[in-house]
Amino acid sequence: MAAVAGFIEKIKYRNEDSGYSVLSVSSPDSDEEFVLVGTFPVIEEGEYIRAEGTMKVHPVYGEQLSVETYKITEPEDSVSVQRYLSSGAVKGIGEALAKRIVKKFQGDTLRIMEEEPERLAEIKGISERMAMEIGAQVQEKREMRDAVLFLTRYGIGMNLAVRIFRQFGDKIYTIIRDNPYQLADDVTGIGFKIADEIAFKAGIRADSGFRIRCGILYELSEAAGQGHLYLPQSELFSRTASLLGIPADGMEEVLRDLAMDRKVVVKALPQGDSAVYPFSLYYMELNTASMLRDLDIRSQEPVEQILEAVNEVERSENIQFDELQRKAVVEAARSGLLVITGGPGTGKTTTINAIIRYFERQEAEILLAAPTGRAAKRMTEATGHEAKTIHRLLEISGMPQEGNGRKESDWSGMHFERNELMPLEADCVIIDEVSMVDIRLMCALLKAVSIGTHLIFVGDSNQLPSVGPGNVLRDMISSGCINVVRLNRIYRQAAESDIIVNAHRMIEGEPIDLAKRSRDFLFIRQQDPQGILRTMLTLIREKLPDYVRAATAEIQIMTPMRKGPLGVETLNRSLQEILNPAGPGKTERELSGTLFRTGDKVMQIKNDYHRGVYNGDIGILKEINTFAETLTVDFDDAAGIEYAYGDAGELDLAYAITIHKSQGSEYPAVVIPVWQGPRMLLTRNLIYTAVTRAKKCVALVGDPACFYQMTANTRELHRYTGLSEMIRELYSGIDGTAAGGTAAGGTAAGGTAAGGTPAGGNRG
């Protein structure tokens, strides 16, 4: 066993989650310097460490002490104390001041700093206020180290333990003893499972009310991640009982307490069960319904006058609109709220352009937006008008909004500058690809649209719903209250494309002849995963680039699944080794469970408003800097985006992506493996979404029987949402009947939320 004692000169590397660090330590008794590696919960440069372990020789970095036990100790002599204080370990104390302090107090220096900090004011250059601040720092360091060591015994990572201490201070000991589940309520990064592990170690009973409460909130959060806005009470209790391993008895009382605490809203359902919403999602949905109703103002502008303007657009643009497109322009002019829906090739873009030209002639201010950067770029190219992402349109800001609860502000870390207090300055707002918009983003958008503005939503309701909670486009259409124009005519040029023709056949349930020779819809039969992979590689490397005049990197492989032999994870590992193998001059590093290599095709997998890159953006990994510990990625519209190693979890390999991640994007060619998998994933709207991402050619590779099973599987993962019903209820309050012609059934939209107020007409 070897031993080293000395000052920590530099922390060369540190993983803030695990605490694993590489330290450079110098001995005060000699000029010798040592490298220590190991796990250190709380460590700072300048501190004095005594460590024991095994001395090993690393093939690259040389001799290192692999630390098994260590102790941070206070320096024992005046020289060591002065060196410690001069290191910057205590903010506000530099070399000169450290020398004066030690000269005054000698070996009693550290005790005085902790127990009698007011005496530091006896030193020239230290005020009473500064003296107390130094004392508070020293005390906090000791308390933090004790608390972090305490929390790590419960399996909490170092970085998270520090955040917990800074939030709760010395109250953390009481919280762990009495109710560890409070951590899940108040601290981002701690969910039910971590809190439950802590509670188990702390001896909390399995049927504790605190545990049931946290379990219910966890299941509602999980449901939101699956797209649901609420869960029926019976299903919620069943899920929670399964999670906790206890009977559902007693959960009703806990649910009532959650409603009283404004954590949930319980609303009666017509079939006798109750809907249980997370509090914030209920009011987002209700406010969305209310704001849609408020915006839906019908004008009495003469149709003839609008049609004359449309005729002028036709003459000036040398184009002929069909009856439905003309109707869409008329409805856009006469309605405060309009939904335009239709499949590929039905003229949605032409209709958007017609509406833009109409409003231009009225000298109206027009704003265009879409949910993703790629969709906004396509909209700009198709219309000649600048289109932004909805987030940029609403002017996303990097500071949490005041008044938000910790968890809600931490959820996004952002707020929108454009809202009901500072609405968008526009006469007409057109939003494309609305099927991708979840309830959170829709609610934020509607807050920023003034009553009297023409708001036009465009989207394909047959595509996959949003990744986030809700099914907004379909709910608006199915309510029967909102003005909808359905484009269903396939235009001649589009009708020449088998991609478009077959996409419509899928939706109509009509048979598709996979044996037919086609220029843009190819089906290549293969009977095993390895054969499918080989064929896909041949397509993207040899056949398709010249055929569609695109680089291999621009051709996208899409798959329904993450797991399995043809899932994203397996495909990306295989494709990386074939398309971007290791070689001289290529740096690689495994981060967050993924091996990254210079030249890799990567995808941003979450919205990052600070860097200006968004979920689904694809780029090339240009550099891995092992010294600075950074990755640099060039995206289509943002070059040189830098990530610290710790942020690598925002990136994933993108040689293959899930079909869900392709929403809002188009590619010159798309290659899709067609193979067995979970029936819930192999659905008609999934394959429809994938096929319609291709501009010039789609190639499906695999088993025809599996393809036909997908196109016949109309089962979609049901989402529990109440928007359609809420819209009907609110519209029925205007004239006693819903726009669809029947009285709106169900319960009042207000629901049950102790202390809460139904949104009604509130746009806040």
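The analysis underlying the following values was restricted to heavy atoms, covering all of them including side chains, and did not include hydrogens, waters or symmetry mates.
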- [ ] Over all heavy atoms of both residues, which pair between Leu723 and Asp475 is shortest? Give the atoms and the distance, please.
- [x] CB-OD2, 3.6 Å
Task: side-chain contact (heavy atoms from CB on, under 4.5 Å) between Leu441 and Met436, worked out - done: CA-CA 10 Å; Leu441 189 55; Met436 298 176 63; over 6 Å; no
TODO: Could you tell me whether the side chain of Arg326 reaches within less than 4.5 Å of the side chain of Asn311, counting heavy atoms only?
DONE: yes
Open item on the list: One pair to check against side chain to side chain donor-acceptor pair (under 3.5 Å): Ser497 and Asp520. What are the steps and the verdict?
Closed with: CA-CA 7 Å; Ser497 164; Asp520 62 358; 2.8 Å; yes
- [ ] Can you measure from SG (Cys428) to CG (Leu367) and round to the nearest 0.5 angstrom?
- [x] 8.5 Å
Task: Glu360 vs His385, side chain to side chain donor-acceptor pair (under 3.5 Å): CA-CA, chis, key distance, verdict - done: CA-CA 11 Å; Glu360 281 179 335; His385 277 248; 2.6 Å; yes
Open item on the list: Check Glu312 with Arg357, please: is the shortest side-chain N to carboxylate O separation under 4.0 Å?
Closed with: no
- [ ] Say whether, by atom type as modelled, one donor and one acceptor occur between the side chain of Thr453 and the main chain of Asp427 under 3.5 angstrom.
- [x] no
TODO: Calculate, to the nearest 0.5 Å, the distance between atoms CE and CG belonging to Met284 and Leu229 respectively.
DONE: 9.5 Å
Task: Heavy-atom side-chain contact between Leu464 and His660 under 4.5 Å - done: yes
Open item on the list: Test side-chain contact (heavy atoms from CB on, under 4.5 Å) on Glu425 and Arg418; report intermediate values, then the result.
Closed with: CA-CA 10 Å; Glu425 297 172 4; Arg418 293 289 181 175; 4.1 Å; yes
Open item on the list: I'd like to know if Arg378 pairs up with Asp432 as an ion pair, taking the criterion as any Lys NZ or Arg NE/NH1/NH2 lying under 4.0 Å from an Asp or Glu carboxylate oxygen.
Closed with: no
Task: Partner residues of Thr380 under the side chain to side chain contact (heavy atoms under 4.5 Å, CB included) criterion, sequence neighbours left out - done: Ala387
Task: Donor-acceptor pair, side chain of Lys447 and main chain of Glu420, under 3.5 angstrom - done: no
- [ ] Take Thr346 and Asn488 through the test side-chain contact (heavy atoms from CB on, under 4.5 Å) and record every step on the way to the result.
- [x] CA-CA 6 Å; Thr346 57; Asn488 51 30; 5.6 Å; no
Open item on the list: Strictly below 4.0 Å, N to O, side chains only: are Glu666 and Arg374 in salt-bridge contact?
Closed with: no
Task: Short side-chain donor-acceptor distance under 3.5 Å, Thr721 and Asn471 - done: no
- [ ] Check whether the side chains of Arg728 and Ser724 place a donor and an acceptor atom closer than 3.5 Å, and report yes or no.
- [x] yes
- [ ] Quick one: pull up CG in Asn462 and CG in Asp460 and give me the separation to the nearest 0.5 Å.
- [x] 5.0 Å
Open item on the list: Is any side-chain heavy atom of Leu446 closer than 4.5 Å to one of Leu455?
Closed with: yes
Task: Results of side-chain hydrogen bond (donor to acceptor under 3.5 Å, both in side chains) for Arg474 - residues two or more places apart only - done: Glu716
Task: Minimal non-hydrogen separation, Leu338 against Ala332, with atom names - done: CD2-N, 3.6 Å
Open item on the list: Side chains of Thr658 and Pro560, heavy atoms from C-beta outward: is any pair under 4.5 Å?
Closed with: no
Open item on the list: Taking Gly343's backbone N and O only, do any of them form a donor-acceptor pair with Lys348's side chain (distance below 3.5 Å, no angle check)?
Closed with: yes
Task: For Glu308, side-chain hydrogen bond (donor to acceptor under 3.5 Å, both in side chains) partners two or more places apart - done: Arg315
Open item on the list: Could you go through Ile431 and Val434, starting from their C-alpha distance and side-chain angles, then the distance that decides it, and tell me whether this counts as side-chain contact (heavy atoms from CB on, under 4.5 Å)?
Closed with: CA-CA 7 Å; Ile431 308 295; Val434 180; 3.9 Å; yes
- [ ] Please report the closest heavy-atom contact between Ala328 and Ile340, naming both atoms and the distance.
- [x] CB-CD1, 4.1 Å
Task: Distance in Å, Tyr667 OH paired with Ile618 CD1, rounded so as to fall on 0.5 Å steps - done: 4.0 Å
Task: Distance in Å, Ile482 CD1 paired with Leu292 CG, rounded so as to fall on 0.5 Å steps - done: 4.5 Å
TODO: Take Ser466 and Asp438, measure what side chain to side chain donor-acceptor pair (under 3.5 Å) needs, and give me the verdict at the end.
DONE: CA-CA 5 Å; Ser466 57; Asp438 65 19; 5.4 Å; no
- [ ] Would you indicate whether Glu323, at its atom CD, is surrounded by more than 12 heavy atoms from other residues, nucleotides or ligands within a distance under 6.0 Å?
- [x] no
TODO: Please round to the nearest 0.5 Å and tell me the distance separating atom CG of Leu686 and atom OG1 of Thr559.
DONE: 9.0 Å
Task: Donor-acceptor pair, side chain of Gln604 and main chain of Lys606, under 3.5 angstrom - done: yes
- [ ] Taking Arg611 for its side chain and Ile641 for its backbone only, find out whether a donor-acceptor pair lies under 3.5 Å.
- [x] no
Task: Heavy-atom pair with the smallest gap, counting every atom of Glu417 and His415 - done: OE2-NE2, 3.6 Å
- [ ] Count the heavy atoms belonging to other residues, nucleotides or ligands that lie under 6.0 Å from CZ of Arg361, then report whether that count exceeds 12.
- [x] yes
TODO: Determine the interplanar angle of the His228 and Tyr720 rings, folded into 0 to 90°, and report it as parallel if under 30°, tilted if 30 to 60°, perpendicular if over 60°.
DONE: tilted
TODO: Look only at the side chain of Glu725 and the backbone of Gly722, and say whether a donor-acceptor pair between them is shorter than 3.5 Å.
DONE: no
- [ ] For a side-chain contact (heavy atoms from CB on, under 4.5 Å) with Phe707, tell me which candidate from Ile672, Val674, Leu682 qualifies.
- [x] Val674
TODO: For Thr692 and Pro344, work out which heavy atoms get closest and say how close.
DONE: CG2-CG, 3.7 Å
Task: Leu522 and Val698, any side-chain heavy atoms less than 4.5 Å apart - done: no
Open item on the list: Quick one about Thr711 and Asn713 (side-chain donor to acceptor, distance below 3.5 Å, no hydrogens or angles considered), yes or no?
Closed with: no
- [ ] Please examine the side chains of Phe321 and Val329, heavy atoms only from C-beta on, and report whether any two atoms are closer than 4.5 Å.
- [x] no
TODO: Look at the aromatic rings of Phe416 and His391 and report parallel, tilted or perpendicular, splitting at 30° and 60°.
DONE: tilted
Open item on the list: Contact between Phe279 and Val264 at the side-chain level, heavy atoms closer than 4.5 Å - yes or no?
Closed with: no
TODO: Check for a donor-acceptor pair, side chain of Glu433 on one end and backbone N or O of Ala369 on the other, with a separation under 3.5 Å.
DONE: no
Open item on the list: Just to verify, which of Arg505, Lys516, Arg519 counts as forming a salt bridge (charged side-chain N to carboxylate O under 4.0 Å, His left out) with Asp498?
Closed with: Lys516
Open item on the list: Looking at every heavy atom in both Phe359 and Ala333, which two are closest together, and how far apart are they?
Closed with: CZ-CA, 4.1 Å
Task: Side-chain touch Ser662/Gln556, heavy atoms, less than 4.5 angstrom - done: no
Task: Flag, side chain of Arg334 to backbone of Glu301, donor-acceptor distance under 3.5 Å - done: yes
Open item on the list: If we count only N and O atoms by modelled type, under 3.5 Å, do the side chains of Tyr277 and Glu285 hold a donor and an acceptor together?
Closed with: yes
TODO: Spell out, as yes or no, whether a donor-acceptor pair under 3.5 Å connects the side chain of Tyr708 to the backbone of Ile512.
DONE: yes
TODO: Please determine, by modelled atom types, if Ser335 and Asn483 share a side-chain donor-acceptor pair under 3.5 angstrom.
DONE: yes
